[in-house]
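Input: a single structure, listed below in structure tokens.
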2 protein chains.
Amino acid sequence: MSQQNTELKKAGLKATLPRIKILEVLENNGHLSAEDIYKELIKLDQDIGLATVYRVLTQFEAAGIVIKHNFEEGRAVYEIVPDEHHDHMVCIDSGEIFEFHDDVIEKRQAEIASKHGFEIVDHSMVLYVKKLK
Amino acid sequence: MSQQNTELKKAGLKATLPRIKILEVLENNGHLSAEDIYKELIKLDQDIGLATVYRVLTQFEAAGIVIKHNFEEGRAVYEIVPDEHHDHMVCIDSGEIFEFHDDVIEKRQAEIASKHGFEIVDHSMVLYVKKLK
DNA sequence: GTCCTTGCAAAGCTTTTGCATCGCT
DNA sequence: AGCGATGCAAAAGCTTTGCAAGGAC
């Protein structure tokens, strides 16, 4: 029994071929849009409909398997939920996406929220950057 | 000559009625979507097309008059560029949006970017929160 | 066999665009 | 008057959904 198979069962989802393949694609590439995944699947000779990709991604998100990001491109990108939380830095010239994590910021965010009488459920932080000359 | 009129001229945009009214609506309400603005305009008896709202918002963004935010709702919201930068806290229960600013975080972000050989062009940070019981 | 899942096509939403008309300067 | 701005409607993404057929358990 494959690794993906187990992960899906654990989430209460039937281990179907589309779901296994989509999980594989996400594990081998980070930050893909639904369309990106669809194209990857075609490259792998998997005849999976785009609608299915969307449906599966929605289920994966609900199951906590993937995170959906809305960067500023008008389409969502997905990544497997990382073991350790991280934020993103997007290079506006190359489009590359870097990940980072900073405890000082995380701690400060929690303090700010609680000072206002809230607790943090989730957060998103994206730095749009360009290379230093 | 009105305040809006001056602001528009300064940005190199003709002071047309649609632009003046849209600016007014944005100054009286923060964080509105194109549709929200369109509806506000109708309330004010202004017959301005939705397409014009989109076009004007795009121009305002290019001119640095407004900022466009892509929170997680599938549609963009706009606000007048604030004098001092701030970030956002969105209550997932009520939908309310709060603003805050924190120098510790800002400084840290710049350090992180430069450590990776980048400089920050822009950033977005949104905390999704809920009220403490 | 049952119930969930898939594929396809159609529909939904937000946002953009073409084109003739209108309006600021 | 000239040239950009507007309105309307059509089109263009991205994403969701209805329905009949297919697949996992």
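Residue numbers begin at 1 in each chain, while the letters A, B, ... track the order of the sequences. Excluded from the calculations below are hydrogen atoms, water molecules and symmetry mates; all remaining heavy atoms, backbone and side chain alike, are included.
- The side-chain contact (heavy atoms from CB on, under 4.5 Å) search around A:K130 returns A:I92, A:D93, B:E119, B:V121, not counting sequence neighbours.
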Derivation of the side chain to side chain contact (heavy atoms under 4.5 Å, CB included) call for B:V129 and B:V90 = CA-CA 6 Å; B:V129 301; B:V90 181; over 6 Å; no

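- Between B:P18 and the choices B:L23, B:I48, B:L41, B:V53, the side-chain contact (heavy atoms from CB on, under 4.5 Å) rule is met once, by B:I48.
- Looking only at distances, no side-chain donor or acceptor of B:S114 sits under 3.5 Å from a matching main-chain atom of B:G117.
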task = Indicate for each nucleotide in nucleotides 15-25 of chain C, in 5' to 3' sequence, whether protein heavy atoms under 4.0 Å reach the base (B), only the sugar-phosphate (S), or nothing (-).
result = BBBB----BBS

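- Note: CD (A:Q59) to C1' (C:dT6) measures 11 Å, nearest angstrom.
- Using cut-offs of 30° and 60° on the angle between ring planes, the pair B:H31 and B:H69 is tilted.
- Counting to the nearest Å, the C1' atom of D:dG22 and the CD1 atom of A:I48 are 14 Å from each other.
- Using a 30° and 60° split on the angle between ring planes, B:H116 and A:F100 fall in the tilted class, from 30° to 60°.
- For the atom pair NE2 (A:H86) and NE2 (A:H88), the distance works out to 3.5 Å, reported to the nearest 0.5 Å.
- If you take CG of A:L41 and P of C:dT6, they are 12 Å apart, rounded to a whole angstrom.
- For the pair A:R19 CZ and C:dT6 C1', the computed distance is 10 Å after rounding to whole Å.
- Taking atom NZ on B:K21 and atom P on D:dT6, their separation rounds to 14 Å, with Å as the unit.
- With the end axes of the helix from C:dG1-D:dC25 to C:dT25-D:dA1 each set by five pairs, the angle from one to the other reads 40° at 10° resolution.
- With hydrogens and angles disregarded, a donor-acceptor distance shorter than 3.5 Å links the side chain of B:H101 to the backbone of B:H85.
- The distance from atom CG of B:D36 to atom P of C:dT14 is 10 Å, rounded to the nearest whole Å.
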